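For clarity, every value in this text was computed on a predicted model and none was experimentally measured. Order of the sequence lines fixes the chain letters, A, B, ..., with proteins taken first and strands second; residue numbering starts at 1 for each chain.
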Number of protein chains: 2
Amino acid sequence: MPRTRRSFSSRVTLDMVAQQAGVSPMTVSNVLNDKANVTKGKREAVMKAVRELGYQPNRAARALASATSLRIGLLHRDMDSSLLGQLLLGTLRAANLNGAEIAIRSYDPDVEGSAYAEVQTLVRSGVDGLILPPPLSEDADIVALKDSHHLPMIALAPGSELGTIPSVGIDDEQASYELTRLIVNKGHTRIGFVRFVSSNGLSQTREAGYLRALKEAGLKREPELIWAGRPTYEQGLLAAEYFLGLAHPPTAIFCSSDDIAAAIVNYAHRQGLRIPGDLSVAGFDDAPIASQTWPQLTTVRQAVSNIAEIATDRLLKALKSRSELLPETQWVAHQVIERQSIADLRR
Amino acid sequence: MPRTRRSFSSRVTLDMVAQQAGVSPMTVSNVLNDKANVTKGKREAVMKAVRELGYQPNRAARALASATSLRIGLLHRDMDSSLLGQLLLGTLRAANLNGAEIAIRSYDPDVEGSAYAEVQTLVRSGVDGLILPPPLSEDADIVALKDSHHLPMIALAPGSELGTIPSVGIDDEQASYELTRLIVNKGHTRIGFVRFVSSNGLSQTREAGYLRALKEAGLKREPELIWAGRPTYEQGLLAAEYFLGLAHPPTAIFCSSDDIAAAIVNYAHRQGLRIPGDLSVAGFDDAPIASQTWPQLTTVRQAVSNIAEIATDRLLKALKSRSELLPETQWVAHQVIERQSIADLRR
DNA sequence: AGCTTTTAAGATAGCGTTACCATCAATCTT
DNA sequence: AAGATTGATGGTAACGCTATCTTAAAAGCT
């Protein structure tokens, strides 16, 4: 037996409509949801009662009862400040528009298996899908969950076509090609390149663009002009040391990361070189540091928040329509940002 | 006897958290809503379980049971990449645990009144409260909405005690004092200071800390050692030019911003000076650039995501309990990060 | 007509929380 | 020391709706 009613609010409920219409609550629900079999008479009686009482369904109750709300997980690298903001912004925008919720967790890139452990927590916590910022699309364990747990996922800026899971990002090969061509067009013929050491898609894709531009300009690939390292400032200092120590150093260096480029600029300054007068440098990503360096770096910008928004939207739409998400790569426009770090040798 | 379970999603519920923590569901609810009196032990056990399971309250259920749903607005500077991530992270964490929703909007700091216009949009869209990251707590129009629209708000890192609205941040004066003292203790007696030009709280608070440390060490305030500018890399170059052009330049420069400090390091390098051998430099904020410079900068770190989380939580708790939010400043611990940019002159 | 199949309508049991007590141990009276 | 007060904890029902199953009547079949 009911003890006390909690709500004093005179809000009209479905039960009141049912009573007024002389039918059961279920019938009212069925009418309102346009369900199968309701006779015309009852349907009209219900609608009349709804109108008279000014009934409006309670969204919260409906959501709770129909368990229709979507939740997607987003994993991010701890301490990855510059991208994170844009990433969250884009994801949240798409999630809000789709009435979905997002669950965020961070992992420590220095701990083996940390990302996978966090994904498992997300899965256990009941997410319906996953957003994978780089470099998570290269984690085989995580990607495997797609089939083993039938967990839809989409990768952000994968660096290269994956084939296994859907993704959204810029065309890295093309962007790299365009930036290299810009350097070539300014008359440089000895152009250094810093690639990533890892065997991931990115390192190869960006190098491919660099090589394509060289080839097109009739320049040979010179192994001594390619240096591999991790994308950190410290590694950039090593790269600078290497390039400037060559018997015949490059006149320009294109780096796969702004951190490295900034380090090279800094190192060169300490050697008394002028940038871009004595050495031209280009970066990639348009991280904050690219414009907090002097001279500011010519680089490539990818619209991170757009990429995140598009990917999230695509994932949610697929989830809603219960349709399979095809493992297609979707490309978003990038932008070559020309600033002052590349000298024009033609003059 | 339960017939069938309807939900297929293994979403983590409050009951599961209760079981994991070894308490009743009610206790979990009480912990999450900061209700009544829960012992520290239970409270921690619950929070631990929440973290482990990645629990997020079901908003629909909460709204239904409590007949309330909260939405708070967060305004951020467009393009403010490095802080934004941490800011969102903290805010979302608190919002999720409280089952609240957050509405995010950006404003253009270069357009007069842009922030106010965006706030109005938020208000019209029906937010129940507002989070104000710096420097919004200094916008009189926005703060006035607190009373005119009875809109609760809380400021982040206000830089100084406001008196008008509640806030959460570090004690800037104390942090500035501590960093200056660290420089003093290394034997420096001519210490330059870069303050912000604006008349906001921050510029004065940080300068006050600098002056307090000088005074304590028996050093005089020398006007020529204080330079004012905006917190940008370009301005930092001007500051460097100024300080190094003095007849009797400082041996150390403490900057109210890492951007400025990094610019000074860079400028000094180009002048052939060694850092910290010939010039010591310290920054403030521990922005990414502080560790992407060589040598890495000694600076002050504020836990932005914590600050945002605490503030959001405080706002939401007040909203739920329908209690007035007192205009108190709440201080969060800061951390002086000592790296390699300050020379020890005593040896 | 006697039987099975369809169909409208309703009964029942949750969905995941929180409000509102009831309980029992701990602390405080006098 | 016995009774009274507090305070932590949890049992129970309810929030307003929908999924699922059941029923009883209507319709279809041989």
Q.
Does a side-chain N or O of A/Thr39 approach OP1 or OP2 of C/dA9 to a distance below 4.0 Å, or not?
A. yes
Q: May I have the distance from A/Met26 (atom CE) to C/dA9 (atom P), rounded to whole angstrom?
A: 13 Å
Q. Going by atom types only, do B/Arg71 and B/Ser125 share a side-chain donor-acceptor pair under 3.5 Å?
A. yes
Q: For B/Pro25, answer base if it contacts any base atom (sugar-phosphate contacts may also be present), sugar-phosphate if it contacts only those atoms, and nothing otherwise; contact means non-hydrogen atoms under 4.0 Å.
A: nothing
(Q) Does C/dG10 have OP1 or OP2 under 4.0 Å away from a side-chain N or O of A/Ser24? (A) yes
Q: Specify the separation, in whole Å, of atom CD of A/Gln56 and atom P of D/dG16.
A: 14 Å
Q: Mind calculating the distance between CG (B/Asn30) and C1' (C/dC20) to the nearest angstrom?
A: 12 Å
(Q) Check this for me, if you would: do B/Arg43 and B/Asp34 make a salt bridge, where the nitrogen-to-carboxylate-oxygen distance has to be below 4.0 angstrom? (A) yes
Q) If we only count heavy atoms from C-beta on, is the B/Met26 to B/Asn30 side-chain gap below 4.5 Å? A) yes
Q) Whole-Å distance between C/dG14 P and B/Asp15 CG? A) 13 Å
Q: Among C/dA19, C/dA9, C/dG10, find the nucleotide with the atom closest to the side chain of B/Ser66.
A: C/dA19
Q: May I ask you to verify if any side-chain N or O of B/Asn33 is less than 4.0 angstrom from the OP1 or OP2 atom of C/dT18?
A: yes
Q) Please give, in whole Å, the distance from C/dT17 P to A/Arg59 CZ? A) 20 Å
Q. Rounded to the nearest Å, what distance is computed from the CG atom of residue A/Leu14 to the P atom of nucleotide D/dC15?
A. 13 Å
**Q.** Phosphate OP1/OP2 of D/dT18: any A/Ser29 side-chain N/O under 4.0 Å
**A.** yes
Q. Should A/Leu70 and A/Asn98 count as side-chain neighbours, where that means a heavy-atom distance under 4.5 Å?
A. no
Q) Roughly how many Å is it from CG in A/Asn58 to C1' in C/dT18, rounded to a whole number? A) 15 Å
(Q) Measure CZ/A/Arg62 against C1'/C/dT17 and give the value in whole Å, please. (A) 20 Å
Q: Select from B/Thr27 and A/Thr13 the residue whose nearest nucleotide in DNA chain D is closer to the 5' end of that strand.
A: B/Thr27
Q: Mark yes or no for whether B/Ser29, through its side chain, and B/Pro25, through its backbone, hold a donor-acceptor pair below 3.5 Å.
A: no
Q.
It should be established whether B/Lys35 places a side-chain nitrogen or oxygen under 4.0 Å from OP1 or OP2 of nucleotide C/dA19.
A. yes
